[in-house]
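Reviewing the structure listed below.
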Amino acid sequence: MKHWLPRAYLTTVYALLYLPILVLVVFSFNSSRTGYRWGGLSLQWYESLFSNHAMVQAMWNSLWLALAAATVSTIIGALTALALHRYRFRGKRVLRGMLFVVMMSPEIVLAISLLALFLLVGLQLGFVSLLLAHVTFCLPFVVITVMARLSGFDESLPEAARDLGASDFTMTRTVLIPVIMPALLAGWLLGFTLSLDDVVVSTFVSGPSYEILPLRIYSMVRVGLKPEVNALGTLLLVFSLTMLILSQWILTRSKR
Amino acid sequence: MHRVLQQPFKTAVLLLVWGWLLLLVLTPNLLVVGASLMTRDAGSFLALPLNLDSYRRLLDPLYLEVFLHSLYMAGVTTVFCLLIGYPFAWALSRIGKQRQTLLIFLLIVPFWTNSLVRTYALKLLLATNGLINNALMGLGLIDEPLQLLYTEGAVIIGLVYLLLPFMILPLYSVFEDLRRELLMASHDLGAGKLATFMHVIVPLTLPGVLAGVMLVLLPAMGLFFVADILGGSRNLLVGNVIKNQFLDARDWPFGAAASILLTVAMAVLLFAHRLSRRRLGDEEPAT
């Protein structure tokens, strides 16, 4: 095979994948209202974004939710990964299987099942229902991230700690937690981003009392084109990209 | 019993995890199965008696057409992702390590960014007075703008655009594991390029293909917002039907039955995936 061919192919596909994003970012600085023709550089869409009270409120709501969802799922996910790594217990395969199925199943299936549960137990749709749902779909990703870290870990350290008389809890706190710290941070960042971007599950389990950003965007983009969405989308892209770079940096740095 | 007391930490962790999964994964899914067997009720969503009416209604020509159309769009999306992704993953696995890290990073970016925003970004390109039409008219290739948006093609483009990385990543990982010695051995044994591809490369990458198909085909039927934003009212996905039944029409039994359709599809694909891996494991035990 010619050498330039694979490269040209890769470049083309990457260009197509990134073209829409590039267009979105460029147009977010476009002063023209109609959106398709270039009318000169302007920050007006960013300004109108932040002067929109409901929009700012939705941003804060989304941030709080993502913060809480990422934190709770990191705690539970890390404990789960530790249990799967260290303990023998009945139903271990079933537990792994369930986490795998949660990760693989279409979001909409998870969404309606949770909606059915929340309505059955009479939970008011709002922050709490969103939090429970977001933690559930973030959980498997945190577990995988932490498990990957634990699998490359020297088993003699926890044994030494145990031999020196440390209890399980103490050993976990002083030996294991420091080892998995980079994975915890990476898992947290991933959970935060997944929560911040989720549309499908949130559509079902949110209520009017707690409006979040993706749903607000959804209602804006269903009809027509709104230049404000270009600006908001750009901000979200920059934010997510920062989180991703941060997480990659944490993980690669810790490998050395 | 004394072991439980000896290991309070272990017990607490397992209780927490099992509790969460049983309450928020198993119970809700059982509820959906239950709901699909019940009868629609205006007041409380669900009522007795139990029956299979909702499943029968899935075969109603009106809905069957929507489901088949959705399956068709998801199928075409999967084929496109595979056709683009297979050579892509191959090429990617043959490139220098240093560059690979950067390119993989560029592939994960979409996973971390808002899919709604990216779907909307496509709209900027496809709209009647969008970038593509403007460019084509500017070049004098067309006189009238083409209807790109709100078509079946737009939905498929949107789905391929969102789901391509999910096809590429599992494929890339099987190509990474593909050992060059096997290809050389095949060559030394006199196999041509086509024979090597058919008898060595395809079977060895099959688990990656199936994993990719699973990660693309199922979401391609569920991602209702893509059809909403790019497809108009005639190009619905199974996800749109489920969403409408739950949030607008309030016909829970029917929505639940449609959702179980997706779950069954997932189960079949998971089974095929396991099977393909087990077969490989049998044929090539020492790795």
Side-chain angles (χ1 to χ4, degrees), chain A residues 6-7 9-10 13-14 17 19-21 23-24 27 34-36 76 79-80 82-83 87 89 95 98-99 102 104-109 112-117 119-120 132 136 139 167-169 172 190 193 197 199-200 203-204 214 217-218 221-222 225 229 233 236-237 240-241 243-244 248, chain B residues 7 9-10 13-14 16-17 20-21 24-25 27-29 31-32 35 84 87-88 91-92 94 103 105-106 108-110 112-118 120-125 127 129-131 134 161 164 214 218-219 221-222 224-225 228-229 239 242-243 246-247 255-256 259 262-263 266 270:
Chain A
R7 265 188 208 182
Y9 181 64
L10 289 175
V13 175
Y14 274 113
L17 277 178
L19 177 70
I21 298 179
V23 170
L24 180 90
F27 272 73
T34 46
Y36 303 113
I76 302 179
L79 290 171
T80 309
L82 284 172
Y87 299 136
F89 54 89
L95 188 68
M98 275 176 90
L99 287 167
V102 172
M104 285 306 215
S105 59
E107 284 171 284
I108 193 161
V109 172
I112 61 154
S113 70
L114 286 168
L115 175 67
L117 177 78
L119 290 185
L120 184 81
L132 290 172
T136 304
L139 204 55
S167 72
D168 228 21
F169 178 73
T172 303
L190 180 58
T193 317
D197 289 340
V199 189
V200 175
T203 302
F204 287 84
I217 300 177
Y218 189 29
V221 299
R222 282 175 98 165
L225 292 152
V229 177
L236 278 173
L237 286 171
S240 303
L241 207 60
M243 301 292 262
L244 173 57
Q248 294 287 318
Chain B
Q7 299 180 299
F9 181 68
K10 172 181 172 181
V13 170
L14 288 179
L16 177 70
V17 176
W20 192 282
L21 288 178
L24 287 149
V25 177
T27 315
N29 280 300
L31 283 175
V32 172
I84 302 171
F88 188 92
L92 193 59
R94 291 280 170 278
L103 292 181
F105 174 82
L106 287 176
I108 323 176
V109 168
W112 284 65
T113 50
N114 198 309
S115 46
L116 189 60
V117 168
R118 283 185 298 129
Y120 170 79
L122 274 183
K123 210 174 178 176
L124 291 173
L125 292 170
N129 46 354
L131 232 57
N134 273 346
Y161 176 55
L164 184 61
M214 186 158 48
L218 292 171
M221 290 193 275
F224 57 81
F225 61 87
D228 244 8
I229 295 172
I242 299 176
K243 175 172 165 271
F246 269 85
L247 299 183
S259 150
L262 283 186
T263 313
M266 173 178 73
L270 276 176

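Heavy atoms only: backbone and side chains are in, while hydrogens, waters and symmetry mates are out. What you are looking at is a predicted structure, and each value in this text was computed from that prediction instead of being measured. Proteins come first, then strands; the chains are lettered A, B, ... in the order of their sequence lines, and each starts at number 1.
Interface residue Ile108(A): only side-chain heavy atoms are found under 4.5 Å from chain B. Contacts between Met104(A) and chain B at a heavy-atom distance below 4.5 Å involve backbone atoms as well as side-chain atoms. Contact annotation for Leu82(A): neither backbone nor side-chain heavy atoms come within less than 4.5 Å of a heavy atom of chain B. At a 4.5 Å heavy-atom cutoff, the contact between Val102(A) and chain B is made by side-chain atoms alone. Residue Thr136(A) touches chain B through both its backbone and its side chain, counting heavy-atom pairs closer than 4.5 Å. The parts of Leu17(A) that come within reach of chain B are both its backbone and its side chain, each placing non-hydrogen atoms under 4.5 angstrom from that chain. Heavy-atom distances place both the backbone and the side chain of Tyr218(A) under 4.5 Å from chain B.
Taking chain A as the reference chain and counting heavy-atom pairs below 4.5 Å, the highest number among Leu164(B), Leu270(B), Leu14(B) is found for Leu14(B). In terms of heavy-atom pairs under 4.5 angstrom with chain B, the leader among Ile112(A), Leu236(A), Val229(A) is Ile112(A). In terms of non-hydrogen atom pairs under 4.5 Å with chain A, the most contact-rich of Trp20(B), Phe225(B), Trp112(B) is Trp112(B). Comparing Leu106(B), Leu92(B), Leu16(B), Leu218(B) by how many heavy-atom pairs each has under 4.5 Å with chain A, the most go to Leu106(B). The choice from Val13(B), Asp228(B), Val32(B) that makes the most heavy-atom pairs within less than 4.5 Å of chain A is Asp228(B). In terms of heavy-atom pairs under 4.5 Å with chain B, the best-connected choice from Leu237(A), Thr80(A), Leu19(A) is Thr80(A). When the candidates Leu122(B), Leu262(B), Leu21(B), Thr263(B) are compared by the number of heavy-atom contacts under 4.5 Å with chain A, Leu21(B) comes out ahead. Chosen from Leu139(A), Ile217(A), Thr193(A), the residue pairing most often with chain B at heavy-atom distances under 4.5 Å is Thr193(A). Ranked by heavy-atom pairs under 4.5 Å with chain A, the list Pro28(B), Ser259(B), Ala256(B) is led by Pro28(B).
Here OG of Ser105(A) is found 7.0 Å from CG of Asn29(B). Values are rounded to the nearest 0.5 Å. If you take CZ on Phe246(B) and CG on Leu115(A), they are separated by 6.5 Å, rounding to the nearest 0.5 Å. Atom OG1 of residue Thr113(B) and atom CD1 of residue Ile108(B) lie 11.5 Å apart, to the nearest 0.5 angstrom.
At distances below 3.5 Å, not a single donor-acceptor pair connects side-chain atoms of Tyr161(B) with backbone N or O atoms of Pro20(A). Judged purely by atom type and a 3.5 angstrom limit, Lys123(B) uses its side chain to pair as donor or acceptor with the backbone of Val221(A).
When the ring pair (Phe, Tyr, Trp, His ring centres under 6.0 Å) test is applied to Phe224(B), no partner is found at least two apart in sequence or on another chain. Every residue was checked against the side chain to side chain donor-acceptor pair (under 3.5 Å) condition with Thr203(A), not counting sequence neighbours, and none meets it.
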Audit row: Tyr14(A), Phe88(B), ring-ring contact (aromatic ring centres under 6.0 Å, His included) steps and yes/no:
CA-CA 10 Å; Tyr14(A) 274 113; Phe88(B) 188 92; 5.3 Å; yes
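Side-chain contact between Phe89(A) and Leu95(A) is present, with heavy atoms from C-beta onward closer than 4.5 Å.
By the neighbour-count criterion of 12 heavy atoms within 6.0 Å, atom CZ of Arg7(A) is sparsely surrounded, having that number or fewer from other residues, nucleotides or ligands.
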